[in-house]
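See structure below.
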Amino acid sequence: MTNVTSLLLTLVASITMTYAAKDYGIALSKSILFYNTQRSGKLPANNPIPWRGDSALKDCVVGGWYDAGDHIKFGLPLSYTTTALLWSLVRFKDGYQRAGQLDEMYDMIKWPLDYFLKAWDPGQKHLTVQVGDGRDHDFWGRAEDMTMPRPCQVVSASKKGSDVAGGTAAALAAGAIAFKDKGDKAYSNQLLTAAKSLYAFAKANRGLFKGAAEFYDTSGDRDEMCEASIWLYKATGSSHYLADAKSFADTETAWAYSWDDKQISCQQLMYEETKESKYKNAVVAYFKDWMPGGGVPYTPCGLAWRDKWGASRYAANSAFIALVAAESGIDATRYRKWAVEQINYLLGDNRHNGGCFSFEVGYGSKYPLRPHHAGASCPKKPAPCGWAQFETSAPNPHVLHGALVGGPDQNDNYNDVRSDYIQNEVTSDYNSGFQGALAGILHLQATGRMPATANKCPCKD
């Protein structure tokens, strides 16, 4: 019996060493750190990023998150990112609890919500939707050292922007639900009041925001208006919001889930609230396109590769939607397996650099060393920082913990070069669905429903 027991223990140890398990809790905690790295404004005493300090204190609206490796604040991707993250908190709260990150998540997500409350002036009826402009890209350095002008752009009755206003209202409404669940009734009510007035403004002043066309130019506002109205319905139970959501929703097959396209999220949320088959069918059609054999191509190691810009972002976002859809009873077994396999690829089940390479910076032993992020590329103060740091081939002095880089090409190739905007850029929106999917996987672990996976290129420890 002793020999048999010894053999079994050896086999278990061998399996454990051969196929490295993923620590989704660590991956989630690092994603939260990335968002804290993106903070603009006066940082709190508990700031966990030692190389970040106060910045942009003279902005017309102080606070919020910087968009990417630059220092512009954009309302459209910021509102999308905040809504997606809040959706994950509302849906997979136990996932954050399992990771020991629930308090950290509430603290992190309050930063953009506070910014939105300051950006929306219900009396004047204008919403600040952009701080900074293209001149930012002439500067490579720390956010703390900026001296260039940072002009503001707003939407109002005379300058339309119902896409950004609707998206921001959705974030505020989702925040109201999340903080009501936390027990912070006063803050929840504050968010809900702002969401209602901002949504009413957006509905009365339809039109697309064009001021940021050189960066983020959306294709329409129906998806944002649908998200805003359905989240307000979830927050209030008022039937007129559901009626509005039905008027904005459609059943066409969505291309992806992103800052520019919330169609699939609207369809999923509408199915949850109405149980109408037309919305379920739209979700099913979406994943028929995304699953193997559909219209979305795959890399040899199995990443669903929608586009060269932010390939990892699109796969992670769809993984998050798949986990949410599974919770509502849509093809749960298959969707969960597929979603976990997509995240596993990003955390190491691939062949780059000998395998076990994480596209999340700071996770595991092999990850991007030169993500396109100005602040992380700067040496510790008081050393200067400029374009020489952009051009050097040396690794970034600071590890940009938690950032999800753009990702591989269609053949699993990846270029860890700071100047490669396609594969090595990091942005706030890239991490949103990724973090949501991590919370969803942790929820599966917490509830004993973790699927067996079969990644094509498993990490071998």
Side-chain angles (χ1 to χ4, degrees), residues 35 37-43 52-83 110-172 175 190-191 193-195 197-202 204-218 221 224 228 259-260 374-375 427-429:
Y35 282 111
T37 301
Q38 296 301 97
R39 283 173 166 171
S40 177
K42 185 170 182 57
L43 301 187
R52 283 300 324 283
D54 299 344
S55 62
L57 297 180
K58 295 183 179 180
D59 279 357
C60 59
V61 181
V62 176
W65 288 331
Y66 295 122
D67 180 59
D70 57 10
H71 307 114
I72 310 177
K73 297 186 294 196
F74 292 109
L76 191 64
L78 179 58
S79 60
Y80 153 77
T81 298
T82 306
T83 304
K110 195 172 182 291
W111 199 262
L113 290 172
D114 285 348
Y115 175 76
F116 292 144
L117 289 173
K118 290 184 287 186
W120 168 234
D121 185 335
Q124 296 294 320
K125 288 186 168 52
H126 66 71
L127 174 71
T128 301
V129 297
Q130 183 176 327
V131 183
D133 59 15
R135 283 171 287 192
D136 179 273
H137 290 183
D138 295 328
F139 168 79
W140 187 267
R142 306 176 185 90
E144 296 80 2
D145 297 337
M146 290 187 294
T147 59
M148 82 287 286
R150 290 176 59 78
C152 281
Q153 297 194 47
V154 302
V155 297
S156 63
S158 60
K159 186 173 184 181
K160 309 299 184 185
S162 52
D163 46 356
V164 191
T168 306
L172 290 164
Q190 185 182 7
L191 294 170
T193 298
S197 62
L198 182 53
Y199 172 74
F201 164 79
N205 296 276
R206 300 286 296 281
L208 304 184
F209 175 63
K210 294 299 183 182
E214 63 180 298
F215 298 101
Y216 293 99
D217 190 14
T218 187
D221 72 341
E224 284 89 7
W259 63 266
D260 183 37
T427 75
S428 294
D429 78 275

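For the numbers below, each heavy atom of this structure counts, side chains included, while hydrogens, waters and symmetry mates do not. Numbering starts at 1 and runs along the sequence shown.
- By the 4.5 Å heavy-atom criterion applied to side chains, Q130 and L76 are not counted as neighbours.
- Rounding to the nearest 0.5 angstrom, the gap separating the OH atom in Y199 from the OG1 atom in T168 is 14.5 Å.
- Side-chain contact check for H137 versus D70: some heavy-atom pair is nearer than 4.5 Å.
- Expressed to the nearest 0.5 Å, how far CG of D67 lies from NZ of K73 amounts to 12.0 Å.
- The side-chain heavy atoms of Q124 and S156, taken from C-beta on, include no pair separated by under 4.5 Å.
- Between the CG atom of D59 and the OH atom of Y115 there is a distance of 7.0 Å, given to the nearest 0.5 Å.
- Here the side chains of F201 and W120 are in contact, with some heavy-atom distance below 4.5 Å.
- A heavy-atom distance below 4.5 Å is found between the side chains of W111 and L43.
- The minimum heavy-atom distance between W259 and Y80, with the atom names listed, is CA-CG, 3.5 Å.
- In this structure, T147 and F139 have side chains that are not in contact, with every pair of non-hydrogen atoms separated by 4.5 Å or more.
- The shortest side-chain heavy-atom distance between D136 and M146 falls under the 4.5 Å cut-off.
- Within a 6.0 Å sphere centred on NZ of K160, heavy atoms belonging to other residues, nucleotides or ligands number more than 12.
- To the nearest 0.5 angstrom, S79 atom OG is 11.0 Å from L113 atom CG.
- The aromatic rings of H71 and Y66 sit perpendicular to each other, their planes meeting at more than 60°, with 30° as the lower class boundary.
- How far CD of E144 is from CZ of R52: 4.5 Å, rounded to the nearest 0.5 Å.
- One distance of note links OG of S158 with NE2 of H126; it measures 10.5 Å at 0.5 Å rounding.
- T128 has its side chain out of reach of D121: every pair of non-hydrogen atoms, C-beta onward, lies at least 4.5 Å apart.
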